[in-house]
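Everything on this sheet refers to the single structure shown next.
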Amino acid sequence: MPRTDGRKRTALVLLCAAVFLDSMDLSLMGVALPAIGRDLALPDSTLQWLMSGYAVAYGGFLLLGGRIADLFGRRRTFLLSLAVFAAAGLAGGLLSEGWPLVATRVIKGIAAALTAPAALSLITTTFAEGPQRNRALGVYSLAGATGYTAGLIASGLLTEISWRLVFFLPVPVAVLVLVLAPLVLPSGARPAGAREGFDAAGAVSVTGGVLLLVFALTERNWPAGAAAVLLLGAFVAIERRRPAPLVPLEIFRSGTVAAANLAALTWACATIGWQFVAVLYLQGRLGYGPLETGLGIVPMGAAIVITANLAGRLITRWGLGRVAAAGLLVQGAGILLFLRAGEAGDYLTVLLPALVVHGIGNGLSFPSLNIAAVAGLPDEQQGLASGLVTSAVQIGAGIGVATLAAVTSLGGYPIAFLTAGAFSLVGALIALYGLRPRHPAPIP
């Protein structure tokens with residue numbers, strides 16, 4: 001193997017390790033919250049923000065993070081934000097006061113919002129468009145998808161020992177990446193087309209708008225939602241007049257990019273919303289403990305790993321639209337199989353097949369949508385496009401969790417599973433008709 005290929009593969013592993021940490025931190029707190037509350041005597045309102053603070057900051061700063069990577073250098077942005085991520089995790093494990101603990105989670109969310117698009121744009125600019133990039137993005141998508149599942153499992157295991165280990169867990173991995181990454185990542189030079197200046201007004205309006213939108217969806221706060229709509233409307237007006245906008249609106253003239261982001265939003269509505277309801281169902285209805293819940297989800301993670309490794313080849317042969325649509329349909333089928341569970345679903349005959357089918361669909365659809373979201377764009381817009389699709393996923397997660405939580409309270413778990421399945425169907429239709437087909441190419 002040529003030495004340059006070895007450097008690229010090592011760089012891919014390190015970038016994916018960081019994205020794995022970002023994704024894992026979204027779910028890592030869940031099982032640990034009761035133990036933290038008991039140990040520190042924290043009210044439920046503070047505990048909720050240990051999760052929401054990270055999610056809101058992560059979703060709100062993604063677009064800004066993507067553009068910062070384009071403007072100030074992707075490697076520089078990646079390394080600095082990952083260092084902040086590790087420092088905030090270390091501080092969180094040492095603190096014993098509620099709101100300072102929440103502050104570390106918010107800081108980690110902001111750092112993750114810079115790390116993720118910088119990592120994705122480093123991948124897309126390192127690997128040439130086509131089969132090579134498809135496989136690299138398949139590994140990237142695999143890291144993000146399995147990180148969330150790993151967080152559920154690790155949270156249960158570590159909380160049995162000490163909840164502080166939940167904060168400390170990402171630190172050594174982040175430090176290892178920080179030590180090795182400068183040796184293999186491409187230089188941090190800014191793309192030539194990204195030197196026109198920084199759109200401060202656009203940055204403030206879009207960051208504030210997305211923050212309020214994610215907050216409104218998470219907390220079901222309608223005044224915050226109205227304020228988010230006003231700020232995002234102001235952002236569009238600002239971007240139309242700026243000579244060097246934060247988000248060039250012509251990026252959405254690409255039907256593939258627009259459809260990929262919309263399909264990614266519905267994908268997250270379905271799968272993240274379903275995961276939220278499924279965990280409640282397993283623990284509240286079937287009586288699973290936190291550790292049993294995490295271990296029970298392992299087969300879904302294994303299915304994602306296997307399928308995501310095959311996704312790049314399937315995309316090369318059959319095209320983005322077909323693979324993404326098929327994945328969303330299979331994912332929806334896995335969700336709907338949960339309707340068989342009833343009041344006392346047997347794990348081996350009912351839950352396990354549903355989880356595996358869902359994982360297969362997840363492993364096909366998520367890489368396809370990530371590839372479509374950055375396909376055909378110039379290097380100077382790769383960070384922006386990466387931030388857009390990751391932001392679409394975060395907003396979709398907020399919509400999905402809020403919608404399915406409301407539906408569950410009104411109509412029970414079966415209606416919630418049907419709703420999540422409908423989200424997957426809508427996403428499949430968008431992917432099939434919105435993602436431009438590509439001619440099949442021979443697999444090297």
Side-chain angles (χ1 to χ4, degrees), residues 12 16 19 23 116-117 119-121 123-124 127-148 254-272 300 303-335 357-377 382 385-394 396-397 423-441 443:
L12 178 62
C16 288
V19 172
S23 181
L120 182 53
S121 57
I123 292 171
T124 58
F127 294 90
E129 189 166 3
Q132 190 181 60
R133 182 185 292 180
N134 291 351
R135 290 174 183 170
L137 288 177
V139 177
Y140 169 89
S141 302
L142 168 66
T146 55
Y148 190 89
S254 165
T256 300
V257 172
N261 278 274
L262 190 54
L265 186 146
T266 59
W267 174 89
C269 286
T271 191
I272 305 299
M300 183 181 78
I304 293 172
V305 169
I306 295 169
T307 310
N309 278 321
L310 300 174
R313 290 180 176 269
L314 295 174
I315 291 165
T316 301
R317 183 180 293 276
W318 301 111
L320 288 167
R322 290 176 181 175
V323 176
L328 282 158
L329 287 174
V330 173
Q331 172 184 289
I335 291 170
V357 171
H358 183 98
I360 291 171
N362 215 288
L364 288 174
S365 54
F366 192 49
S368 307
L369 297 174
N370 271 302
I371 293 167
V374 299
L377 295 176
Q382 288 292 319
S386 304
L388 279 172
V389 69
T390 314
S391 188
V393 168
Q394 292 303 311
F423 277 130
S424 280
L425 176 60
V426 172
L429 293 173
I430 294 170
L432 184 61
Y433 294 105
L435 301 183
R436 291 175 296 187
R438 298 188 171 192
H439 297 291
I443 299 174

Inset, instruction - Compare every heavy atom of S424 with every heavy atom of Q331, then report the nearest pair and how far apart it is. - result: NE2-OG, 3.0 Å
Legend entry - Separation of W318 CH2 from L364 CG (nearest 0.5 Å): 13.5 Å
Inset, instruction - Could you tell me whether the side chain of L320 reaches within less than 4.5 Å of the side chain of I371, counting heavy atoms only? - result: yes
Legend entry - Student check: side-chain heavy atoms of F366 and T271 closer than 4.5 Å: no
Inset, instruction - Answer yes or no: is there a side-chain heavy-atom contact under 4.5 Å between C269 and L265? - result: yes
Legend entry - Residues which pass side chain to side chain contact (heavy atoms under 4.5 Å, CB included) with A303, listed by chain and number, not counting sequence neighbours: V356, I360
Legend entry - From L425 atom CG to I430 atom CD1, the distance as rounded to the nearest 0.5 Å: 10.0 Å
Legend entry - Atom pair CZ (F423) and CD1 (I272), whose distance is rounded to the nearest 0.5 Å: 13.0 Å
Legend entry - Shortest non-hydrogen contact between L12 and A136, atoms and distance: CD1-O, 3.8 Å
Legend entry - Nearest heavy atoms of A372 and L435, plus distance in Å: CB-CD2, 3.9 Å
Legend entry - S365 side-chain N/O to G361 backbone N/O, donor-acceptor pair under 3.5 Å: yes
Legend entry - Shortest non-hydrogen contact between I335 and A270, atoms and distance: CD1-O, 4.0 Å
Legend entry - Nearest atoms (heavy-atom pairs only) where A324 meets A431: CB-CB, 3.8 Å
Inset, instruction - Mind checking the CG-CD1 spacing from N362 to I304? Nearest 0.5 Å is all I need. - result: 4.0 Å
